[in-house]
**Student:** 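This structure is in structure tokens; I'll ask about it shortly.
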Number of protein chains: 2
Amino acid sequence: MTPALEKLALHFASLPAIGRKSAVRLAYHVLEMNEEEVRAFAESLLEVKRATRLCSVCQCFSETEVCRFCEDPERDGGVIMCVEDNRALEAIEALHEYRGRYHVLHGVLSPMDGIGPEQLKIKELLSRLDGTVREVIIATNPSVEGEATAMYLGKLLKPLGVRVTRLAYGLPVGGTLEYADNTTLLRAIEGRTEV
Amino acid sequence: MTPALEKLALHFASLPAIGRKSAVRLAYHVLEMNEEEVRAFAESLLEVKRATRLCSVCQCFSETEVCRFCEDPERDGGVIMCVEDNRALEAIEALHEYRGRYHVLHGVLSPMDGIGPEQLKIKELLSRLDGTVREVIIATNPSVEGEATAMYLGKLLKPLGVRVTRLAYGLPVGGTLEYADNTTLLRAIEGRTEV
């Protein structure tokens, strides 16, 4: 490979879930793109860093000081759903069902990686609990760290007189008991509801 | 997603083997990279287009007028291995066994996609057959198009008094008969050798 191709392949390989072989393939693909497309791609990389900031209220990625969710008067400011990152926010938003507001933590507690409460947007969450917030829905991922973060937030927020809830664990719709893992099955039994 | 993120995700999604979900993930990853890294990545994209040309002899990607394979006096100029693209060349080169020269076709015959002999670097190959070339090894991929291209080149080159060979088909080393596909097994029987 030429030095320029090798360098570009290294850049691609440094991205998540792109291995060496894919990175080489992508570098060659760029070589086959027309110059205008490559220029637009390069510009877009720089633009994303330049244009994006955190919403000063909910901390989601935004191009404005306050994001469209926080500015939307139609949304219920009394409910805040707390997510790990913007991708989780988008997954919820794609349902077109939730009409409350969000708070993005930008991570989960992970002492092994040196991530404690100070590294997350928790004090920004606390500053939003001005008495108008009735409920905080904790929607961290169903992982060990997500669970620990939910527990931590629960202990922190409940004394402040706000209702703290957590997304339900259980069988994924369309799945079968046979293929559910033990932990999920156990949680589904524990969380069983009246029919 | 913000407009800048959405745009970057579209750029990533236009690359081969990157779907919508991965593209979104990559766009967010770029947001988390430091500015210096992003700038270097963008610069590298532009650089690869700017710095890369085709070797005027073998047509492989090169940053110089004549590539290092064609300039290397240690390599045997009497043998030319004909490959589809630079990636195939690299796979052969990684063996550290082949000491002849190369010729990159930049594709294979594919009438359905409008790719005929004129679209490939075939006349550049012919112009290299100046009497010093003893053998052309056709190393196109073992696909229908690769095979058709090999047939075509064989018919074209043999009358010129040059030996034309093709990489062997057969069982992959370490494989088992049981899992070999029918075509491969058939080719392995046809191409059986004396022990």
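Naming: A, B, ... by sequence-line order, numbering from 1 per chain. The basis for the numbers below is simple: all heavy atoms, side chains too, and nothing from hydrogens, waters or symmetry mates.
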**Student:** In terms of hydrophobic clustering (I, L, V, M, F, W, Y; side-chain heavy atoms under 4.5 Å; direct or indirect links), are A/Phe61 and A/Val48 co-clustered?
**Tutor:** yes

**Student:** Tell me the residues of residues 128-154 of chain A whose non-hydrogen atoms fall below 4.5 Å from those of chain B, in number order.
**Tutor:** none

**Student:** Below 4.5 Å from any heavy atom of chain A, which atoms of B/Glu93 appear? Answer side chain, backbone, both or neither.
**Tutor:**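 B/Glu93 has no heavy atom closer than 4.5 Å to chain A.
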
**Student:** Would you say CG of A/Asn182 has more than 12 non-hydrogen atoms from neighbouring residues, nucleotides or ligands within 6.0 angstrom?
**Tutor:**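 12 or below, so no.
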
**Student:** May I ask you to name which of A/Glu47, A/Glu63, A/Arg87 has the most heavy-atom pairs under 4.5 Å with chain B?
**Tutor:**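 When all of A/Glu47, A/Glu63, A/Arg87 are compared, A/Glu63 has the most.
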
**Student:** Linking I/L/V/M/F/W/Y whenever any side-chain heavy atoms sit under 4.5 Å apart, do B/Leu54 and B/Met81 land together?
**Tutor:**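 Looking at the clustering, B/Met81 is in a separate group from B/Leu54.
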
**Student:** Please say yes or no: joined through hydrophobic side-chain contacts below 4.5 Å, possibly via intermediate residues, are A/Val79 and A/Leu167 part of one cluster?
**Tutor:**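 Yes; tracing contacts between hydrophobic side chains, which count when under 4.5 Å, links both residues.
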
**Student:** Enter the distance from A/His29:NE2 to B/Leu15:CG here, rounded to the nearest 0.5 Å.
**Tutor:** 5.5 Å

**Student:** May I have the step-by-step check of side chain to side chain contact (heavy atoms under 4.5 Å, CB included) for A/Asn86 and B/Leu31, ending in yes or no?
**Tutor:** CA-CA 11 Å; A/Asn86 253 66; B/Leu31 204 51; over 6 Å; no

**Student:** Taking every non-hydrogen pair under 4.5 Å, which of A/Val24, A/Leu10, A/Leu89, A/Thr52 racks up the most with chain B?
**Tutor:** A/Thr52

**Student:** Are A/Leu8 and B/Phe12 linked, directly or through other ILVMFWY residues, by side chains that come within less than 4.5 angstrom of each other?
**Tutor:** yes

**Student:** Which bit of A/Tyr28 comes within less than 4.5 Å of chain B, counting heavy atoms only: side chain, backbone, both or neither?
**Tutor:**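 The answer is the side chain of A/Tyr28.
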
**Student:** Can you classify the ring geometry of A/His11 versus B/Phe41 as parallel (below 30°), tilted (30 to 60°) or perpendicular (above 60°)?
**Tutor:** parallel

**Student:** Going from NE2 on B/His106 to CD on A/Glu32, what distance comes out if it is rounded to the nearest 0.5 angstrom?
**Tutor:** 8.5 Å

**Student:** Side chain, backbone, both or neither: which part of A/Ile18 has an atom under 4.5 Å from a heavy atom of chain B?
**Tutor:**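 Contact with chain B is through the side chain of A/Ile18 alone.
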
**Student:** Hey, what do you get for CD (B/Glu43) to CG (A/Leu46), rounding to the nearest 0.5 Å?
**Tutor:** 9.5 Å

**Student:** Measure from the side-chain N and O atoms of B/Lys49 to the backbone N and O of A/Arg39, and report whether any donor-acceptor pair falls under 3.5 Å.
**Tutor:** no

**Student:** Is there a side chain to side chain contact (heavy atoms under 4.5 Å, CB included) between B/Leu45 and A/Leu45 once you walk through the steps?
**Tutor:** CA-CA 10 Å; B/Leu45 281 167; A/Leu45 281 168; 3.6 Å; yes

**Student:** Report, as yes or no, whether the 6.0 Å neighbourhood of atom CZ on A/Arg192 holds more than 12 heavy atoms from other residues, nucleotides or ligands.
**Tutor:** no

**Student:** Group every Ile, Leu, Val, Met, Phe, Trp and Tyr by side-chain heavy-atom contacts under 4.5 Å, then state whether A/Leu120 and A/Ile80 land in the same group.
**Tutor:** yes

**Student:** Around atom CZ of A/Arg50, are there more than 12 heavy atoms of other residues, nucleotides or ligands at under 6.0 Å?
**Tutor:** yes

**Student:** Just so I understand: if I count every heavy-atom pair under 4.5 Å between each of A/Ala27, A/Ser14, A/Ser44, A/Cys67 and chain B, which residue has the most?
**Tutor:** A/Ser44

**Student:** Quick check on A/Ser22 against chain B: is it the side chain, the backbone, both or neither that has a heavy atom closer than 4.5 Å?
**Tutor:**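 Neither part; nothing is under 4.5 Å.
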
**Student:** Drop me the distance from B/Cys60's SG to A/Met1's CE, to the nearest 0.5 angstrom.
**Tutor:** 12.0 Å

**Student:** Given the options A/Ala51, A/Ser62, A/Ala17, A/Ala40, which has more heavy-atom pairs under 4.5 Å with chain B than any of the others?
**Tutor:**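 Option with the greatest count: A/Ala40.
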
